[in-house]
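Letters A, B, ... mirror the listed sequences (proteins, then strands); counts begin at 1.
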Amino acid sequence: MLVADSTLRFNVVDFRLDGTLQCGQAFRWERLADGEWQGVVDHELWRVRQDGDTLTVRGATGVNATERVCRYFALDRALPRIIETFPDDPALRAAVRRHWGLRVLRQSPWETLASFIASSTKQIVQIQQIVGALARRWGEPVGDGQFSFPSASVLARARESELRACRLGFRARYLLAAARAVDSGRVPVEELSRWEFDRARAALLSLPGVGDKIAACVLLFGCGFDAAFPIDVWVERALRRIYFSSRRVSRRVLSEFAARHFGPYAGWAQQYLFFEERLRGRQPVGDDRAER
DNA sequence: TAATTACCTCT
DNA sequence: GAGGTAATT
């Protein structure tokens, strides 16, 4: 069946596709030569482009396609309402100004959990390779040589050695345990969005290989908890420099500060700080030298 | 509590 | 050494 003509158009405001797909929250998007993005979302291959305030999406099908695209890209959120909850500090203001339109995606909880388990001590390119390899090995074809991300029940039946063959290394054991916990219903990752934040977090932390950072990523990118605040080395670096005069402070102090300082959409603020910090090295903002 | 190290594999 | 975790000291 040919579904190539399933084209949807959205009028978008306060939205920037490039930054949203480049800021490290999703691992299945690839920028094609003409600026169009191709990615696998659930069981579909989407091709997306932004021209000014028009977002064009090809490949999303079914009666609820529009709703699903809106949901995935968080088009139903009013960005200014979110930004206005941020604290009024100069560094965050600058990051928001530079990356205006960046949005936290709403991705599949299981895929998010599995991807971030695979992410530890890995660079983005390697994470993309791992996730792609898992999809090719256990996913289903979605066209154009692409594959969906395999379900927890499928991965629960894999051998650890097969997972290792996808370059997971020591993370293979963790992913297998997570797949089994989800498949058995012990950690119902698809339901966590309806749980209390602390309870959902505790369930994720019960998985081997899932600590504070990965749990926060899953809560934020997969379960819709806007206040979840992942602290990786980049965000830690930014927080320490901006708010603690580069002093050495514990993770605990940082996370308590973040929860207090950034408010109900702390996770969104984190994405702006993270993206800005990642870009600092590549596009110097001017004061790098003074800090050494 | 804070610091160190192993854990896989690749750049 | 890398966007982390867990065990150990």
Figure out the [atom1]/[atom2] separation between [X] and [N], and round it to whole Å.
{"X": "A:Gln128", "N": "C:dA2", "atom1": "CD", "atom2": "P", "answer": "18 Å"}
{"X": "A:Gln126", "N": "B:dT9", "atom1": "CD", "atom2": "P", "answer": "12 Å"}
{"X": "A:Ile127", "N": "B:dT11", "atom1": "CD1", "atom2": "C1'", "answer": "14 Å"}
{"X": "A:Ile130", "N": "B:dC8", "atom1": "CD1", "atom2": "P", "answer": "13 Å"}
{"X": "A:Leu207", "N": "C:dA6", "atom1": "CG", "atom2": "C1'", "answer": "14 Å"}
{"X": "A:Leu205", "N": "C:dG4", "atom1": "CG", "atom2": "C1'", "answer": "13 Å"}
{"X": "A:Lys122", "N": "C:dT5", "atom1": "NZ", "atom2": "C1'", "answer": "15 Å"}
{"X": "A:Tyr174", "N": "C:dG4", "atom1": "OH", "atom2": "P", "answer": "14 Å"}

Practice item. For nucleotides B:dT11 and C:dT5, find the distance between their C1' atoms and express it as a whole number of Å. Key: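 Straight-line distance between the two C1' atoms is 22 Å.
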Review point. Mind checking the C1' distance from B:dC10 to C:dA6? Whole angstroms is fine.
Key: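 Taking atom C1' in both B:dC10 and C:dA6, they lie 23 Å apart.
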Check your understanding: C:dG4, B:dA2, B:dT9: which one has an atom nearest the side-chain heavy atoms of A:Phe170?
Key ->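 Closest nucleotide to the A:Phe170 side chain: C:dG4.
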**Study point:** Nearest to side-chain heavy atoms of A:Arg164, which nucleotide of B:dC8, C:dA2, B:dA3
**Key:** B:dC8
Point to revise | Lys/Arg N to Asp/Glu carboxylate O, A:Arg71 vs A:Glu67, below 4.0 Å | key: no
Practice item. Using a strict cut-off of less than 4.0 Å between a Lys/Arg side-chain nitrogen and an Asp/Glu carboxylate oxygen, indicate whether A:Arg47 and A:Asp144 qualify as a salt bridge. Key: yes
Under 4.0 angstrom, heavy atoms only, what part of the nucleic acid is [X] near: base, sugar-phosphate, or nothing?
{"X": "A:Phe274", "answer": "base"}
{"X": "A:Val235", "answer": "nothing"}
{"X": "A:Leu163", "answer": "nothing"}
{"X": "A:Gly211", "answer": "sugar-phosphate"}
{"X": "A:Arg251", "answer": "nothing"}

Check your understanding: Is there a donor-acceptor contact under 3.5 Å from the side chain of A:Arg280 to the main chain of A:Glu276?
Key ->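 Not at all, since once roles are kept as given, no pair shorter than 3.5 Å links the two residues.
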**Study point:** Ring centroid separation A:Phe229 to A:Phe262 under 6.0 Å
**Key:**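 Between A:Phe229 and A:Phe262, the centre distance is under 6.0 Å.
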Check your understanding: Does A:Arg252 have a side-chain nitrogen or oxygen under 4.0 Å from the phosphate oxygens OP1 or OP2 of B:dA2?
Key ->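 Negative; the distance criterion is not met.
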**Study point:** Short side-chain N/O contact to B:dC8 OP1/OP2 from A:Arg171, under 4.0 Å
**Key:** no
Point to revise | A:Gln126 and A:Arg167: CA distance, side-chain angles, deciding distance, side chain to side chain donor-acceptor pair (under 3.5 Å) verdict | key: CA-CA 9 Å; A:Gln126 299 180 56; A:Arg167 307 176 181 180; over 6 Å; no
Review point. Is B:dC8 paired to anything, Watson-Crick or G-U wobble with both distances less than 3.5 Å, and if yes, which nucleotide?
Key: none
Check your understanding: Taking for each residue the nucleotide of DNA chain C bearing the nearest heavy atom, is the 5' side occupied by A:Ile214 or by A:Arg237?
Key ->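 The 5'-side residue here is A:Arg237.
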Check your understanding: With clusters built from Ile, Leu, Val, Met, Phe, Trp and Tyr whose side-chain heavy atoms come within less than 4.5 Å, directly or transitively, what are the remaining members of the cluster of A:Val48, listed by chain and number?
Key -> A:Leu8, A:Phe10, A:Val12, A:Phe15, A:Leu17, A:Leu21, A:Trp29, A:Trp37, A:Val41, A:Trp46, A:Leu55, A:Val57, A:Val69, A:Tyr72, A:Phe73, A:Leu75, A:Leu105
